[in-house]
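Computation of the quantities below employed the complete heavy-atom set of this structure, encompassing side-chain atoms and omitting hydrogens, waters and symmetry-equivalent molecules. Remember, it's 1-based here, ligands and their atoms both numbered in the order they're listed.
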Amino acid sequence: MPMLGFGTLIPDATETMNAVRYALEAGFRHFDCAERYRNENEVGEALQAGLTAGGISREDIFVTTKLWNTNHRPERVEPAFEGSLKKLRLNYLDLYLIHTPFAFQPGDEQDPRDQNGNVIYDSGVNLPDTWKAMERLVDGGKCRAIGLADVTLDKLMHIYESARIKPAVVQVEAHPYLPETELLEFCKNNGITLLAFAPLGHGIKPGPLEDPVVLAIAARVGKTPAQVLLAWAIQRGTAVLTTARTAARVRENFDISPLSDDAMDEINRIQTRQRFNNVVNTGIPGFIPRVDPGAL
Ligand SMILES: NC(=O)c1ccc[n+]([C@@H]2O[C@H](COP(=O)([O-])OP(=O)(O)OC[C@H]3O[C@@H](n4cnc5c(N)ncnc54)[C@H](OP(=O)(O)O)[C@@H]3O)[C@@H](O)[C@H]2O)c1
């Protein structure tokens with residue numbers, strides 16, 4: 001799996017298609033998708049066009065997509081997988097992830113809510129049973145590897161211990177404000193790749209992009225703060241996803257170079273701690289809105 005991947009969490013359909021094209025042109029060969037992003041069709045179309053235009057073969061790219069929370073019941077896993085494959089115009093996937101460990105009420109409504117607006121969870125299925133259905137996809141030959149996203153170390157260990165096919169990848173939020181050191185250690189010791197999302201803190205400011213340590217290193221080495229954060233992620237042994245909508249930013253985020261040990265140490269010593277996405281606690285996707293201190 002290429003350690004630097006391009007994420008397709010882009011709400012607008014045209015922007016999704018443009019960004020995927022820019023990413024292929026810039027050199028990205030790893031694409032992260034999800035049924036929940038509701039744009040697998042656009043990603044599939046852009047990938048197909050980009051591969052043809054660039055003379056790039058399917059085997060040269062690595063494509064991931066994710067099983068959404070409403071499809072955790074074992075009998076729903078294969079149809080969901082096949083649906084994603086079709087939309088992405090692919091005949092195999094490199095990686096399929098369980099998007100979150102939370103099962104929602106099964107059905108076509110991706111965000112099932114009760115009258116009070118609360119998510120309707122599904123107590124009729126457990127994660128190990130969903131995992132077994134994921135393992136059967138690997139047996140079937142159209143899915144090369146499986147993994148989990150938005151899990152805590154406890155949940156990962158539970159699946160890891162009982163799994164016949166071990167998780168290959170764990171995708172979680174990670175950046176200098178949320179280094180996930182314990183999870184990374186477990187992954188390294190057990191041959192699992194930790195794939196970091198929101199490496200720039202989802203671009204939320206204030207955040208890692210404006211951290212004084214990151215700004216100072218960027219100025220010193222002649223790189224941008226985004227390039228420093230992406231380089232840090234890879235150099236500490238995680239894979240990382242980045243997402244940008246303009247061609248210039250896509251190229252910027254692909255153009256990263258190694259940091260000195262001193263720079264790595266400085267970033268590792270940052271004390272600020274902040275999670276930007278609460279999905280790991282609820283299964284509900286979305287970045288935590290910033291509270292305007294003036295409104296308190
Ligand atoms: N498993 C999950 O639950 C989960 C959750 C979230 C994300 N993900 C995956 O991870 C991917 C990346 O997550 P993310 O979008 O939060 O990543 P991110 O890279 O931390 O944040 C992206 C934001 O940063 C901005 N940005 C990008 N490049 C920049 C640069 N060079 N300088 C300044 N700002 C820059 C973007 O702005 P513009 O859009 O204006 O370019 C965008 O607003 C997603 O696309 C998705 O595939 C997974």
Between Thr224 and Glu252, does any side-chain donor sit less than 3.5 Å from a side-chain acceptor?
yes

Sub-3.5 Å N/O-N/O distance, Pro199 and ligand 1
yes

Would you say Val279 has any N or O atom under 3.5 Å from an N or O of ligand 1, going by distance alone?
no

Nearest protein heavy atom with distance in Å, relative to atom 7 (C) of ligand 1:
Phe197 CD1, 3.5 Å

For Gln171, which of Asp32, Leu148, Asp150 qualifies under side chain to side chain contact (heavy atoms under 4.5 Å, CB included)?
Asp32

Under 3.5 Å, side-chain donor or acceptor atoms of residues 155-170 against the rest of the protein: list the pairs with distances, not counting sequence neighbours.
from	atom 1	to	atom 2	distance (Å)
Tyr160	OH	Asn190	OD1	3.4
Ser162	OG	His158	O	3.3
Ser162	OG	Ile159	O	3.4
Arg164	NH1	Asp139	OD1	3.3
Arg164	NH2	Asp139	OD2	2.7
Lys166	NZ	Tyr160	O	2.8
Lys166	NZ	Ala163	O	3.0

Classify the contact between Phe287 and ligand 1 as side chain, backbone, both or neither, using a heavy-atom distance cut-off of under 4.0 Å.
side chain

Between Phe31 and Phe62, is the ring-ring contact (aromatic ring centres under 6.0 Å, His included) condition met? List the steps.
CA-CA 6 Å; Phe31 292 86; Phe62 186 100; over 10 Å; no

Go through ligand 1 atom by atom and flag the ones less than 4.0 Å from a non-hydrogen atom of Gly7.
11 (C), 44 (C), 45 (O), 47 (O)

At less than 4.0 angstrom from any non-hydrogen atom of Asp32, what atoms of ligand 1 do you find?
9 (C), 46 (C), 47 (O)

Options Arg251, Arg249, His175, ranked by nearest heavy atom to atom 25 (C) of ligand 1, top entry:
Arg249

Give the numbers and elements of all ligand 1 atoms closer than 4.0 Å to a heavy atom of Glu252.
30 (C), 31 (N)

Closest non-hydrogen protein atom to atom 39 (O) of ligand 1, residue and atom name please, with distance?
Arg245 NE, 2.7 Å

Specify the protein heavy atom at minimum distance from atom 28 (N) of ligand 1: its residue, its atom name, and the distance to 0.1 Å.
Asn253 ND2, 2.9 Å

Heavy atoms only, cut-off 4.0 Å: how does Thr243 contact ligand 1, side chain, backbone, both, or neither?
both

Using a heavy-atom cut-off of under 4.0 Å, does the side chain or the backbone of Leu209 touch ligand 1, or both, or neither?
side chain

Here the pair of heavy atoms bringing Met134 nearest to Gly147 is CE-O, 4.3 Å

protein heavy-atom neighbour closest to atom 3 (O) of ligand 1 works out as Asp150 OD2, 2.6 Å

I'd like to know if the side chain of Trp68 reaches the main chain of Gln110, judged simply by a donor and an acceptor atom lying under 3.5 Å from each other, with no hydrogens or angles considered.
yes

Taking atom CZ of Arg236 and atom CD1 of Ile267, what is their separation to the nearest 0.5 Å?
10.5 Å

Could you tell me the residue and atom name of the protein heavy atom closest to atom 17 (O) of ligand 1, and the distance to it rounded to 0.1 Å?
Ala198 CA, 3.6 Å

Looking only at non-hydrogen atoms, find the nearest pair between Arg89 and Asn41 and report the distance.
NH1-O, 3.2 Å

Can the ring centroids of His202 and Phe197 be said to lie less than 6.0 angstrom from one another?
no

Contact between ligand 1 and His99 is defined here as a heavy atom of the residue under 4.0 Å from a ligand atom; is it met?
yes

Find all atoms of ligand 1 within a distance of less than 4.0 Å from any non-hydrogen atom belonging to Leu241, and give their numbers and elements.
9 (C), 10 (O), 11 (C), 12 (C)

Within-cut-off N or O pair, Leu200 and ligand 1, under 3.5 Å
yes

Nearest-0.5 Å distance that lies between atom CD in Glu35 and atom CD in Glu40
6.5 Å

Part of Thr8 within contact of ligand 1 (heavy atoms, under 4.0 Å)
backbone

Looking only at protein heavy atoms, identify the closest one to atom 8 (N) of ligand 1 and say how far it is in Å.
Tyr37 OH, 3.4 Å

Considering all heavy atoms of both residues, which atom of Phe287 and which atom of Ile204 are nearest to each other, and what is their separation?
CB-CD1, 4.1 Å

Quick note on ligand 1: atoms under 4.0 Å from a heavy atom of Ala226 include exactly 30 (C), 31 (N), 32 (N)

All heavy atoms of Arg144 vs all of Asp94, minimum pair found to be CB-O, 3.5 Å

Here the atoms of ligand 1 under 4.0 Å from any heavy atom belonging to Ala244 are 27 (C), 28 (N), 41 (O)

Treating Thr193 as the side-chain partner and Leu195 as the backbone partner, does any N or O pair qualify as donor plus acceptor under 3.5 Å?
no

Evaluate side-chain contact (heavy atoms from CB on, under 4.5 Å) for Thr243 paired with Val250, printing each intermediate quantity in order.
CA-CA 7 Å; Thr243 300; Val250 171; over 6 Å; no

Leu9 heavy atoms within 4.0 Å reach ligand 1 at atoms 6 (C), 7 (C), 44 (C), 45 (O), 46 (C)

Could you check which of Gln171, Lys205, Lys66, His202 puts a non-hydrogen atom nearest to atom 18 (P) of ligand 1?
His202

